[in-house]
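By convention here, the first residue in the shown sequence is residue 1. A quick note: this is a predicted structure, and the numbers were derived from the prediction, not measured.
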Amino acid sequence: MGTSSTHSSLELTATGEMVKYVVGWARRPVAVAALALLMPAGLKAQQVRQDPATGHYYVTVYDDARQPVEILVESAGLVEFLVAPMIRSTTVGFHYTYDIKVAQSSRQALGTFQLDCPASDTAIQNLSATAIDEGDELWTDLVEWADLPSCFVELGAIPLPAGERLRAEFDSVLLPAIGEARGLGAVRGISWPTSDPIPENDAAREFVRSVQGFTGGWKAVPTIVPARDPALLDDPTAWMGILRADLDRACTDLAWITNSGVCRSLQAKLDAAARALERGQPGAARGPLASFLQELDAEHGAGPGKHVSDNAYWLLKINVEYLIERL
């Protein structure tokens with residue numbers, strides 16, 4: 001089977017930024033996966049192999065003597081997690097809560113949780129995170145990560161293991177829209193066999209960043225996120241178009257509503273409200289929208305016969321209630 005070896009942690013400057021890598025390289029036979037779509041220009045196919053059992057990669061890089069060395073790179077996207085959102089109205093906007101549970105079947109602990117959010121002190125405030133079962137406070141911050149603005153919860157040296165739960169919450173003036181949550185599995189870093197970056201490793205370093213969560217490689221889960229400016233409600237007819245598009249996605253590619261009859265019924269109520277608004281009769285739109293909310297409430301829940309998920313429920317409920325209050 002060959003031999004394996006590891007090296008201690010190392011910090012180096014790569015492309016002008018400080019990056020911490022922590023675990024070394026290994027030499028052992030593994031199966032080869034098709035990696036052409038993942039690899040950046042300049043990285044040859046024979047430089048990357050993937051172990052089908054672990055999902056990790058073996059990448060050939062060059063040491064100070066320009067000799068090839070194979071390093072082990074753990075993929076950050078092997079974590080499985082569920083996200084259950086909840087939103088409540090406040091006097092200044094909305095309070096968003098996300099319960100995140102790492103699935104029992106997850107191959108990795110959750111090291112980082114990210115949510116699509118505007119990087120703004122006024123749009124997102126009071127971000128906090130708590131391990132639900134233990135009640136321990138975790139380090140949290142609101143940062144721009146990987147060039148994308150995100151609500152960012154870094155669990156640090158104590159990642160969330162399979163079966164455990166995390167609660168993240170914050171306040172926002174923005175209404176919910178369809179977006180994405182990202183989870184990064186807890187991975188070891190890499191000990192590069194060089195004292196300084198060398199040009200021969202540039203393509204390999206780009207590949208490492210793409211699978212370890214720096215520029216990609218995360219597990220993505222669709223969910224609702226704070227994204228809509230309430231000023232859009234200045235045009236209720238246009239807002240109805242947004243709501244109908246939300247319902248269509250919830251009923252189709254997202255499968256957040258699992259019964260076609262419920263989808264048709266809800267869509268008919270939105271269509272009736274839209275026709276009333278087009279006639280210039282906002283008062284007449286309130287009845288169909290109120291019926292829409294009643295059906296949404298009746299179909300939401302975890303029990304048998306319920307067809308509306310948490311994501312669909314809070315997306316549609318908050319946006320429709322906000323519209324009714326302003327008609």
Side-chain angles (χ1 to χ4, degrees), residues 75-88 94-108 110-119 123-124 127 129 142 144-153 160 162 165-170 172 174-185 210-211 213 215-229 232 241-260 262-263 266-267 270 296 299-302 306-320 322:
S75 170
L78 303 178
V79 60
E80 299 291 337
F81 64 100
L82 306 173
V83 181
M86 184 178 71
I87 306 173
R88 61 176 172 84
F94 307 95
H95 186 79
Y96 286 76
T97 300
Y98 295 85
D99 280 350
I100 304 106
K101 182 176 181 179
V102 183
Q104 289 286 0
S105 59
S106 181
R107 296 162 69 181
Q108 292 175 328
L110 180 66
T112 301
F113 175 76
Q114 306 165 24
L115 195 73
D116 289 337
C117 288
I124 305 296
L127 174 64
L142 180 63
E144 291 189 26
W145 192 91
D147 302 320
L148 295 173
S150 300
C151 298
F152 177 102
V153 177
L160 202 68
R165 295 184 298 156
L166 172 74
R167 176 168 293 155
E169 50 192 321
F170 53 83
S172 179
L174 300 175
L175 288 153
I178 297 168
E180 182 178 278
R182 293 177 292 280
L184 275 72
S210 74
V211 298
T215 59
W218 44 70
K219 177 74 174 184
V221 174
T223 190
I224 54 174
V225 299
R228 275 184 193 141
D229 186 343
L232 291 172
I242 292 173
L243 290 174
R244 293 159 86 180
D246 284 346
L247 178 59
D248 180 66
R249 287 204 62 196
C251 288
T252 54
D253 61 297
L254 294 173
W256 285 351
I257 301 178
T258 57
N259 183 280
S260 59
V262 172
C263 287
L266 291 172
Q267 191 68 63
L270 289 187
L296 202 66
E299 293 291 341
H300 173 243
K306 303 294 185 179
H307 303 291
V308 175
S309 70
D310 290 334
N311 275 296
Y313 180 74
W314 293 109
L315 171 70
L316 297 166
K317 175 182 173 67
I318 294 298
N319 282 295
V320 169
Y322 200 83

Quick one: closest heavy-atom pair of [X] and [Y], and the distance?
{"X": "F113", "Y": "A181", "result": "CE1-CB, 3.7 Å"}
{"X": "L315", "Y": "A177", "result": "CD1-CA, 3.8 Å"}
{"X": "N259", "Y": "V262", "result": "OD1-N, 2.9 Å"}
{"X": "H300", "Y": "K306", "result": "O-CD, 3.8 Å"}
{"X": "T112", "Y": "L110", "result": "O-CD1, 3.3 Å"}
{"X": "L174", "Y": "A227", "result": "CB-N, 3.8 Å"}

Just verifying a value: how many Å separate [X] [atom1] and [Y] [atom2], rounded to the nearest 0.5 Å?
{"X": "S260", "Y": "H307", "atom1": "OG", "atom2": "NE2", "value": "9.5 Å"}
{"X": "I318", "Y": "R88", "atom1": "CD1", "atom2": "CZ", "value": "10.5 Å"}
{"X": "L247", "Y": "I242", "atom1": "CG", "atom2": "CD1", "value": "14.0 Å"}
{"X": "R228", "Y": "L175", "atom1": "CZ", "atom2": "CG", "value": "8.0 Å"}
{"X": "D246", "Y": "L254", "atom1": "CG", "atom2": "CG", "value": "9.5 Å"}
{"X": "I100", "Y": "T223", "atom1": "CD1", "atom2": "OG1", "value": "9.0 Å"}

Subject >> For N319, side-chain hydrogen bond (donor to acceptor under 3.5 Å, both in side chains) partners two or more places apart >> reply: none
Do [X] and [Y] have side-chain heavy atoms sitting under 4.5 Å apart?
{"X": "N311", "Y": "P85", "answer": "yes"}
{"X": "C117", "Y": "F170", "answer": "yes"}
{"X": "E299", "Y": "L266", "answer": "no"}
{"X": "F81", "Y": "L160", "answer": "no"}
{"X": "L115", "Y": "I124", "answer": "no"}
{"X": "D310", "Y": "D99", "answer": "no"}
{"X": "C151", "Y": "Y96", "answer": "no"}
{"X": "Q267", "Y": "R244", "answer": "yes"}

Subject >> side chain to side chain contact (heavy atoms under 4.5 Å, CB included) partners of A255, counting only residues at least two apart >> reply: none
Original post:
Does E180 pair with R182 as a salt bridge, N-O distance under 4.0 Å?
Top reply: yes
So, does [X] use its side chain to make a donor-acceptor pair with the main chain of [Y] at under 3.5 Å?
{"X": "S172", "Y": "A123", "answer": "yes"}
{"X": "W314", "Y": "I224", "answer": "no"}
{"X": "Q108", "Y": "S75", "answer": "yes"}

Original post:
Which is it for W256 and L316 under the side chain to side chain contact (heavy atoms under 4.5 Å, CB included) test, yes or no, and what are the steps along the way?
Top reply: CA-CA 11 Å; W256 285 351; L316 297 166; over 6 Å; no
